[in-house]
Q: 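Shown below is the structure under consideration.
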Amino acid sequence: MKNSKKQIMAAIGVLFMAASTASNAALELRLSGLAVYDTDLDITWLANANAAAGTIFDDGLSPTDGFLSWDSAKAWAANLDISGVTGWRLPTTEIPCFIMNCDSSEMGHLFYNEIGGIAWTTVQFHHNSNYDLFRNISYSEYWSGTEHDSVNAWVFAFGGGGQYWRDKDNVNDPLLSPAITAWAVHDGDVPLGAVPEPAAYAMLLAGLLFFGFSSGRGLINKRI
């Protein structure tokens with residue numbers, strides 16, 4: 001019986017290690033998959049990369065294309081309420097990095113370091129498995145919350161990993177320049193989502209139940 005208990009305890013130890021490893025991953029799902037926490041930068045991304053489409057802030061050529069001016073993008077993010085979580089914003093840009101391989105900004109870090117994008121290549125065609133944590137990632141440019149000057153703001157293009165600036169009033173006319181959309185991010189870990197992965201919890205619970213059942217049987221056998 002002692003040997004069996006040791007084996008069970010060892011198995012539970014492995015489960016704890018597995019749960020710890022899962023929680024230390026660079027990207028972790030939050031809010032039942034509606035958000036993704038980046039443990040490297042301590043920020044949480046909205047899982048839907050085109051959530052602005054069809055909202056009252058969508059002011060593109062089509063009411064459902066998700067293209068916004070810079071002011072509309074900021075207002076959209078500021079008004080987001082995702083499962084009771086508010087306080088969203090546009091990502092920041094680390095300057096003065098310009099054009100390619102700017103992985104120190106929040107979107108650049110996500111593109112190059114987290115989902116495996118490479119310069120000059122649309123992320124839909126080159127990415128790692130973290131890409132599947134998100135949905136509706138566009139090859140268009142995304143607004144940053146960082147200004148370049150009074151007229152322009154920084155953008156990041158998931159259609160090739162470029163970082164530069166655009167006119168804040170650019171909604172856009174696709175015939176003149178690329179369309180710009182928005183992706184929301186939240187500082188820190190979202191309040192309602194800081195929990196271990198469900199699979200790790202299930203494995204741990206199963207191990208604890210098995211240990212409790214075995215211990216109970218041992219006590220019954222001793223009494224008999």
Side-chain angles (χ1 to χ4, degrees), residues 16 18-60 62-94 105-111 113-115 123 127 129-138 140-147 153-156 158 180-206 208:
F16 270 114
S20 175
T21 300
S23 65
N24 289 331
L27 296 180
E28 301 174 357
L29 289 175
R30 292 291 187 265
L31 302 178
S32 300
L34 296 178
V36 180
Y37 177 55
D38 184 336
T39 63
D40 287 345
L41 298 187
D42 189 28
I43 57 176
T44 301
W45 291 95
L46 192 62
N48 185 354
N50 193 31
T55 68
I56 61 172
F57 302 98
D58 187 336
D59 47 17
S62 164
T64 59
D65 57 17
F67 301 149
L68 307 90
S69 67
W70 188 65
D71 286 332
S72 293
K74 288 198 303 176
W76 164 74
N79 282 275
L80 271 179
D81 184 328
I82 307 298
S83 295
V85 177
T86 58
W88 299 86
R89 60 173 175 80
L90 296 181
T92 58
T93 294
E94 184 71 22
S105 66
E106 289 178 340
M107 283 187 284
H109 179 83
L110 180 66
F111 180 90
N113 300 335
E114 300 294 8
I115 60 178
V123 72
H127 54 257
S129 60
N130 284 335
Y131 178 86
D132 297 326
L133 298 175
F134 304 94
R135 59 186 183 277
N136 300 322
I137 295 180
S138 174
S140 302
E141 297 169 357
Y142 282 90
W143 284 115
S144 159
T146 305
E147 289 183 283
W154 287 87
V155 299
F156 190 91
F158 279 73
I180 307 175
T181 186
W183 196 345
V185 70
H186 195 288
D187 289 321
D189 197 354
V190 291
L192 301 180
V195 297
E197 293 294 319
Y201 256 146
M203 291 174 63
L204 180 59
L205 179 60
L208 290 173

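For reference, positions follow the sequence shown, starting with 1. These values consider heavy atoms only, across backbone and side chains, with no hydrogens, waters or symmetry-generated copies.
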Q: Parallel, tilted or perpendicular, judged at 30° and 60°: which one describes the rings of Phe111 and Phe158?
A: perpendicular

Q: For Ala182, does its backbone N or O pair with a side-chain atom of Trp76 as donor and acceptor, under 3.5 Å?
A: no

Q: Under the side-chain contact (heavy atoms from CB on, under 4.5 Å) criterion, do Leu68 and Ile180 qualify, and how do the steps go?
A: CA-CA 6 Å; Leu68 307 90; Ile180 307 175; over 6 Å; no

Q: Is there side-chain contact between Asp40 and Asn113, with at least one heavy-atom pair below 4.5 Å?
A: no

Q: Which atoms form the tightest heavy-atom contact between Glu94 and Ser105, and what is the distance?
A: N-CB, 3.3 Å

Q: At what distance, to the nearest 0.5 angstrom, does CG of Asn130 lie from CG of Leu27?
A: 4.5 Å

Q: Between Asn48 and Phe134, is the side-chain contact (heavy atoms from CB on, under 4.5 Å) condition met? List the steps.
A: CA-CA 6 Å; Asn48 185 354; Phe134 304 94; over 6 Å; no

Q: Could you tell me whether the side chain of His109 reaches within less than 4.5 Å of the side chain of Asp38, counting heavy atoms only?
A: yes

Q: Do the side chains of Met107 and Trp45 get nearer than 4.5 Å, heavy atoms only?
A: yes

Q: Please check this pair: side chain of Tyr131 against backbone of Val123, looking for a donor-acceptor N/O pair closer than 3.5 Å.
A: no

Q: Evaluate the side-chain proximity of Leu34 to Leu46: yes if any heavy-atom separation is below 4.5 Å, no if none is.
A: no

Q: Can you name the closest pair of heavy atoms from Trp88 and Val85 and give their distance?
A: NE1-O, 2.8 Å

Q: Do Ile43 and Arg89 have side chains that approach each other closer than 4.5 Å (heavy atoms only, starting at C-beta)?
A: yes

Q: Could you report the tightest heavy-atom contact between Asp189 and Thr44, atom names first, then the distance?
A: CA-OG1, 3.6 Å

Q: So which atom in Ser144 and which in Thr92 form the shortest heavy-atom distance, rounded to 0.1 Å?
A: OG-C, 3.8 Å

Q: Would you mind reporting whether Asn50 and Trp183 have side-chain heavy atoms less than 4.5 Å apart?
A: no

Q: Measure the CH2-NZ distance between Trp143 and Lys74 for me, rounded to the nearest 0.5 Å.
A: 10.5 Å

Q: Mind listing the closest non-hydrogen atom pair of Gly108 and Phe156 along with its distance?
A: CA-CE1, 3.6 Å

Q: Distance from Arg30 atom CZ to Leu133 atom CG, nearest 0.5 Å?
A: 11.5 Å

Q: If you round to the nearest 0.5 Å, how far is OG1 of Thr146 from CH2 of Trp70?
A: 8.5 Å

Q: Where do Leu29 and Val36 come nearest, in terms of heavy atoms and distance?
A: CD2-CG2, 4.0 Å

Q: If you round to the nearest 0.5 Å, how far is OG1 of Thr39 from CD of Glu114?
A: 7.0 Å

